[in-house]
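Each remark here refers to the structure printed beneath this line.
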Amino acid sequence: MLLKSVNYVRPESVTEALDILSSNEGAAPLAGGQSLTNVLKHRVASVDLLVDISALSELRAITRAGDGSLEVGACVTYDEIDHSPDVRAGHVILAREASHIEDQQIRNRGTIGGNCCLSDPTNNLPPLLVALDATMNIRAVGGTRHVAAEDFFKGYFLTALEPGELLVSITIPPIPVGGGAGYVSLSVATDSKTIVRAAARVRVDGVIEEVRVVLARVASVPIRHHAMEEALRGVAPTAELVRAAAELIGSDVEPISDGHGSSEYRREMARVVARRAVLAAIEEGGRK
Amino acid sequence: MTEQGTTHVIEVTINGRLYSRTVEARQLLVHFLRDTLDLTGTHIGCDTGSCGACSIILNGKLVKSCMMLAPQADGAVIETVEGLANDGELNPLQESFSRNHGLQCGYCTPGMLMAGTYLLRENPNPTEEEIRRGIKGNICRCTGYVNIVRSIMDVAGGHGSEQADGIVGEEQR
């Protein structure tokens with residue numbers, strides 16, 4: 001397909017990339033390009049200048065800190081996450097979910113930063129990063145700021161990024177002792193577009209001490225279900241109590257209806273995937 | 001820094017040969033291969049990154065060449081289906097596709113061969129499930145997957161055609 005004429009530049013540092021992005025109104029960063037290329041083909045967004053950040057070494061590192069937290073550069077690919085010993089050392093769930101994104105070719109190019117910055121509600125990583133209480137590290141010419149993943153996703157294809165800003169890395173805290181994470185999707189087919197999904201993180205010490213339950217595809221962005229979390233806090237981690245808590249997902253969520261499922265179906269399935277994600281998180285915590 | 005512009009001079013090594021060309025920034029890599037270099041073994045199927053017919057190996061990674069712009073490949077080492085055969089002799093994977101009827105219309109075949117090549121490099125001894133996951137990004141519109149899986153399994157280390165036939169036989173029952 002023939003694209004609209006476009007300028008292309010490959011900067012050599014993040015500083016250079018930020019200078020270009022902030023001084024060109026029609027500039028957009030190009031990372032793995034596994035969504036942006038199609039956007040350009042369909043001419044649904046107008047980009048005058050593509051700033052290819054994909055090879056910048058500053059954006060390509062995975063670092064595991066002494067406290068067990070993980071920092072993943074924005075241009076690390078899904079396949080690199082999947083095969084990273086540092087990711088697998090403490091955040092196996094991130095490696096596992098990265099390994100289930102679409103197909104091998106896309107995993108070899110697509111990046112964690114692109115997955116987040118596109119803010120497509122069907123994308124795999126945003127709900128997981130909200131559940132894991134990740135922090136998005138954002139740079140602009142003027143400096144760096146940090147936004148909780150929970151506050152980063154603002155709407156369909158909309159994030160907290162301002163013009164001229166670049167997501168440079170994502171920091172994920174360690175999964176606490178006695179804790180675990182779970183992630184369950186109901187998808188159209190294996191490793192494909194999701195109908196509804198849930199991610200959870202728990203810490204159990206006799207009773208459930210901490211819990212995050214995040215639902216995706218029931219709204220334009222991943223949402224925490226605070227009522228379900230509240231019902232789980234301080235209770236024994238039993239299947240019955242988790243089931244009862246999941247029943248609180250009700251008319252407060254209003255998912256869309258489309259060819260893959262009605263709003264009612266999505267809501268019903270949200271209860272199922274939320275329950276299973278929490279149980280998986282509890283089970284993982286119990287194994288440690 | 002690569003200077004900003006709508007055209008760029010790029011250097012790409014493809015199947016061991018260095019090419020230097022001026023490209024438009026908007027040119028898709030698959031068009032660069034097919035139209036500029038006349039390497040038409042790489043096919044264009046869907047042009048949306050869904051079908052995998054345009055799969056190539058770029059810097060050791062299997063990618064879809066319709067999902068990249070030509071200037072993004074500047075400096076890259078690329079392998080395409082034309083590089084598999086040696087002096088007109090099919091390589092073992094190509095032989096296996098021929099022997100096992102791993103192609104019907106042949107449209108998806110270049111992509112399937114590159115996906116199979118990549119898979120066997122990463123995992124020389126894949127299970128049937130791993131092969132099926134490995135070619136998930138490649139669509140065969142003839143739906144000839146059974147023989148494609150068998151073709152890849154037939155050259156995989158430690159898996160003879162008998163075992164592949166056994167698994168397929170199970171499926172058919």
Side-chain angles (χ1 to χ4, degrees), chain A residues 1-13 15-17 19-20 23-24 26-27 30-43 47-56 77-80 82-83 99-110 114 189-193, chain B residues 1-8 10 23-31 35 44 46-76 111 114-116 118-119 122-123 129-139:
Chain A
M1 204 174 293
L2 189 63
L3 280 58
K4 182 170 162 272
S5 186
V6 68
N7 273 285
Y8 171 91
V9 63
R10 204 192 275 190
E12 269 166 18
S13 66
T15 304
E16 208 172 84
D19 281 342
I20 299 167
S23 55
N24 291 274
L30 172 64
Q34 299 303 287
S35 299
L36 183 55
T37 308
N38 277 341
V39 167
L40 296 171
K41 287 177 194 173
H42 296 128
R43 305 188 180 197
V47 178
D48 301 322
L49 172 61
L50 291 166
V51 184
D52 187 352
I53 57 168
S54 61
L56 293 177
T77 67
Y78 310 137
D79 192 70
E80 288 162 345
D82 177 20
H83 290 101
S99 79
H100 284 291
I101 295 175
E102 290 294 339
D103 57 51
Q104 186 64 58
Q105 290 93 323
I106 289 175
R107 291 194 294 273
N108 281 345
R109 292 288 300 170
T190 304
D191 300 350
S192 66
K193 290 279 183 238
Chain B
M1 176 169 88
T2 304
E3 289 303 317
Q4 187 177 318
T6 53
T7 60
H8 294 268
I10 65 168
V23 298
E24 280 195 88
R26 64 174 166 171
Q27 187 178 36
L28 295 173
L29 182 56
V30 68
H31 290 302
D35 304 340
I44 306 174
C46 66
D47 206 355
T48 57
S50 304
C51 82
C54 65
S55 296
I56 59 170
I57 297 176
L58 180 134
N59 292 336
K61 297 286 184 186
L62 185 72
V63 303
K64 294 170 184 165
S65 58
C66 82
M67 294 299 285
M68 283 183 70
L69 301 172
Q72 289 180 280
D74 186 23
M114 297 319 285
Y118 179 81
L119 171 71
E122 296 287 302
N123 178 5
E129 193 195 333
E130 285 165 345
I131 293 174
R132 287 182 180 272
R133 286 203 72 210
I135 61 169
K136 180 182 175 282
N138 296 72
I139 292 173

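Note that the coordinates shown come from a computational prediction; the quantities given were computed from them, not determined experimentally. Below, chains carry the letters A, B, ... as their sequence lines are ordered, and counting in each starts from 1. Quick note: numbers below take in every heavy atom, side chains included, and nothing from hydrogens, waters or symmetry partners.
Atom-to-atom distance recorded for A:Q104:CD and B:K61:NZ is 7.5 Å, nearest 0.5 angstrom. Remark: B:S65 OG to A:Q105 CD distance equals 10.0 Å, nearest 0.5 Å. To the nearest 0.5 Å, atoms CD (B:E122) and CG (A:N108) are separated by 7.5 Å. Taken to the nearest 0.5 Å, the NE2 atom of B:H8 stands 7.0 Å off from the CG atom of A:N7. A distance of 7.5 Å separates OH in A:Y8 from CG in B:D74, rounded to the nearest 0.5 Å.
Checked by atom type and distance alone, the side chain of B:D47 pairs as donor or acceptor with a backbone atom of A:M1 at under 3.5 Å.
Only the side chain of A:N24 comes within contact range of chain B, judged by heavy atoms closer than 4.5 Å. Only the side chain of A:L2 has a heavy atom closer than 4.5 Å to any heavy atom of chain B. For A:D191, the parts lying under 4.5 angstrom from a heavy atom of chain B are both the backbone and the side chain.
Ranking A:K4, A:K41, A:Q34 against chain B, the residue ahead of the rest is A:K41, based on heavy-atom pairs under 4.5 Å. When B:L58, B:L28, B:L62 are compared by the number of non-hydrogen pairs under 4.5 Å with chain A, B:L62 comes out ahead.
B:M68 has its side chain within reach of A:R109: a pair of non-hydrogen atoms, C-beta onward, lies under 4.5 Å apart. Between B:Q4 and A:V51 the shortest side-chain heavy-atom distance does not fall below 4.5 Å. At a threshold of 4.5 Å between non-hydrogen side-chain atoms, the residues A:L3 and B:L69 count as touching.
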(Q) For B:Q72 and A:L50: C-alpha separation, side-chain torsions, deciding distance, then whether side chain to side chain contact (heavy atoms under 4.5 Å, CB included) applies. (A) CA-CA 11 Å; B:Q72 289 180 280; A:L50 291 166; over 6 Å; no
**Q.** Test log, rule side chain to side chain contact (heavy atoms under 4.5 Å, CB included), inputs A:V6 and B:E24
**A.** CA-CA 8 Å; A:V6 68; B:E24 280 195 88; over 6 Å; no
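Under the side chain to side chain donor-acceptor pair (under 3.5 Å) test applied with A:D103, the options B:R133, B:K64, B:K136 reduce to a single match, B:K64.
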